[in-house]
Amino acid sequence: MKDDFRIVLEIDDKNNKDYDEEELTDKNHFLCKFDKFHDICIQCHDNPDADALASGHGLYQYFLEKGKAPRLVYSGRNRITKPNLLLMIKELEIPVEYVEELPPCDMLITVDCQYGSGNVTMLESDNVAVIDHHQCGMVQNEWHYIRSNLGSCATIIWDLLNAEGYDINGNLKLATSLYYGLYSDTNQFGEMHHPLDKDMRDMLAKDDILLFQLMNTNLSLQEMSIASEALTRQKYNQDFKFTVIASDECDPNILGIISDFAIQVQEIDTCVVFNPNPGGFKLSIRSCVKETKSNDLAEYLCDGLGNGGGLPNKAGGFIAANLYKDNYGDRDFAEVIYERTLQYYHDYDIIYAQTHKLDITGYKRYQKKNVMVGMAVASEFIKVGTPILVRTLEGDVNLIVDEDIYLMIGIEGEVYPIKKEKFNKSYKLVEGVPNMKIEYAPTVRDNIFGDVYQLMKYMKTCIATGDTKVMAKPLEKNVKVFTAWDENKYYLGKVGDYLAVREDDFHDIYVVKREIFLETYEEIG
């Protein structure tokens, strides 16, 4: 999370971002660091995939139009042979070259990989920069830009180009390239969880006909055999209706095909498909019940071993081989994943707030501190009755604009709806601007016309009146809370977070992250 900063309400409409002058750090204009170089070589990792090619393509076009002399290269034992990648290179005019040694240049930039890592041939260079979205495995310096919380390296390039005012959608081939890079590296958007990934997907122009071709040219006869054989190797749990399926090594997209097929089986509510991958194990996860979000299960399975995330119904993850060995030695991976999946179901209680009778034994009384927070009235800038999507770092929330529903904006940018009546009982409007720690400023999308609104632009400041009291206590077990205002989506609470209920409404049960609770609530007698 970034350091504290004061939210500004001026909007850069072109890039759909809020920028405070103090926030224009080196990262926002990272590409300016290369203004002094002319001969720039951009290197993809060995056996480049669509994300690496798209990322390199973006940098190549940017530097070319800046008057530089860029070259896009890859190396390694194998040349590109996959039909979808060859089609991508041809139709999108990606000028990638296979090399065995570094062409003359005064700057080398590796994309979608980290210089010196095992998946990229080390081409000796005096000046090396890195742009990547994988876990950092190196000591960083000013020429390194690594954002491991993003679903694709293409998203980083998109963000960096936007920061420089580059018109990406003015180049349909480049825009399509970046879109396909994200699509491929997030398992058809199934492993996409950061709002910036979602913004790029929603905002890029694209050649839909070409994308359809690309999406349907990535399965060989051999890979079809791998998928069919994997489906015969599954371990099923009847109590919780989940299955774990082992696949031979294959392209990550094949895992998605296997899991998409398995989740259609009547007896299966959740499936976890995995295969060995260079450096570890790749996971593909599907769920068709509201009580299990695929992205939460992915994060749980990969916790302490790698990283995972995605969407509620489809997600994925990666478990590093070295971390797995440190924790489980030589134990069979299928057995461990099955046990971790089973433990996931045992680790959570489920609360349906609309009908739940909460036992408040051991709870203490609290009230909100006089901490400035934000609120916005969606009906003031979007027509009543319009379906909207509220996008935050914590996920997407779907609502219908109503004059009686306000949007509260917490100190970390978390957004939750509140009825007008409850707002008037609990808060009052004040002057000033809240101090907020926000990694991603929440947005509101009109689901009919597609217009995007920066919520901070419409934010008003308020503080709690102290009239509303809650009962709360730290969680001793993980919980999933289906709130009274959204019976189809749960909010996750982990051990140490607080479970709270309003004294004037025992069905208004919700979870507050521990850090936020301690900063915004105070105990009373």
Side-chain angles (χ1 to χ4, degrees), residues 7-19 162 169 179 189 192 194-206 208 290 311-313 353-354 372-434 436 438 440-463 482-491 505 508 510:
I7 294 295
V8 293
L9 306 184
E10 296 298 324
I11 304 299
D12 182 343
D13 288 326
K14 181 172 184 179
N15 294 326
N16 194 35
K17 290 186 177 180
D18 296 90
Y19 284 129
N162 277 333
N169 283 343
Y179 186 95
F189 302 137
M192 183 173 61
H194 197 282
L196 203 61
D197 294 317
K198 299 173 185 176
D199 283 348
M200 183 177 86
R201 175 199 61 189
D202 295 343
M203 296 177 189
L204 278 176
K206 57 190 183 300
D208 289 320
K290 67 180 184 179
L311 303 174
N313 64 331
Q354 193 70 263
M372 286 185 179
V373 294
M375 67 83 72
V377 183
S379 62
E380 292 182 356
F381 57 95
I382 302 178
K383 184 178 178 181
V384 171
T386 302
I388 60 172
L389 180 148
V390 183
R391 176 159 293 164
T392 74
L393 192 63
E394 294 185 324
D396 292 346
V397 179
N398 289 288
L399 297 169
I400 303 294
V401 176
D402 189 308
E403 291 180 348
D404 289 331
I405 294 181
Y406 293 170
L407 299 176
M408 298 298 301
I409 308 166
I411 60 174
E412 292 189 356
E414 69 277 14
V415 178
Y416 54 94
I418 185 173
K419 289 283 189 179
K420 179 180 179 180
E421 181 182 0
K422 283 188 177 179
F423 176 85
N424 290 334
K425 288 181 179 179
S426 308
Y427 297 92
K428 63 180 179 180
L429 295 175
V430 296
E431 297 295 325
V433 181
M436 293 182 169
I438 295 180
Y440 174 86
T443 61
V444 173
R445 180 178 301 276
D446 181 331
N447 281 342
I448 295 179
F449 297 105
D451 296 328
V452 177
Y453 302 85
Q454 288 282 350
L455 198 54
M456 296 302 180
K457 182 176 181 179
Y458 307 95
M459 184 180 73
K460 303 174 184 180
T461 302
C462 59
I463 60 173
F482 289 89
T483 62
W485 51 267
D486 189 349
E487 299 179 16
N488 294 313
K489 178 182 177 182
Y490 66 75
Y491 288 81
D505 184 355
D508 193 350
Y510 54 95

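The structure presented is a predicted model; accordingly, all values stated were derived computationally and were not measured. Reckoned from all heavy atoms, side chains included, excluding hydrogens, waters and symmetry mates.
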One pair to check against side-chain contact (heavy atoms from CB on, under 4.5 Å): L407 and V444. What are the steps and the verdict? CA-CA 10 Å; L407 299 176; V444 173; 4.3 Å; yes

Heavy-atom pair with the smallest gap, counting every atom of [X] and [Y]:
X: K460; Y: L429; result: CB-CD2, 4.1 Å
X: P417; Y: I405; result: CB-CG2, 3.9 Å
X: A376; Y: Y458; result: CB-O, 3.8 Å
X: P442; Y: M456; result: CD-CE, 3.6 Å
X: Y440; Y: L196; result: CE1-N, 4.2 Å
X: M408; Y: C462; result: CE-SG, 3.9 Å

Say you draw a straight line from [atom1] of [X] to [atom2] of [Y]; how long is it, rounded to the nearest 0.5 Å?
X: M375; Y: Y427; atom1: CE; atom2: OH; value: 10.5 Å
X: Y510; Y: Y416; atom1: OH; atom2: OH; value: 7.5 Å
X: T483; Y: N488; atom1: OG1; atom2: CG; value: 10.0 Å
X: T443; Y: Q454; atom1: OG1; atom2: CD; value: 6.5 Å
X: R391; Y: H194; atom1: CZ; atom2: NE2; value: 11.5 Å
X: R201; Y: K206; atom1: CZ; atom2: NZ; value: 10.0 Å

Derivation and outcome, side-chain contact (heavy atoms from CB on, under 4.5 Å), residues V397 and K489: CA-CA 9 Å; V397 179; K489 178 182 177 182; 3.5 Å; yes

Within the side chain of [X], is there an N or O that forms a donor-acceptor pair under 3.5 Å with the backbone of [Y]?
X: D446; Y: D451; result: no
X: T386; Y: V401; result: no
X: D402; Y: K419; result: no
X: K290; Y: E487; result: yes

If we only count heavy atoms from C-beta on, is the T461 to E431 side-chain gap below 4.5 Å? no

Are P434 and V373 side-chain neighbours, meaning at least one heavy-atom pair lies under 4.5 Å? no

Apply side-chain contact (heavy atoms from CB on, under 4.5 Å) to F381 and L455, showing your working. CA-CA 10 Å; F381 57 95; L455 198 54; 4.0 Å; yes

Checking side-chain contact (heavy atoms from CB on, under 4.5 Å) between R445 and each of I382, D199, V390, I388, which is the one that passes? D199

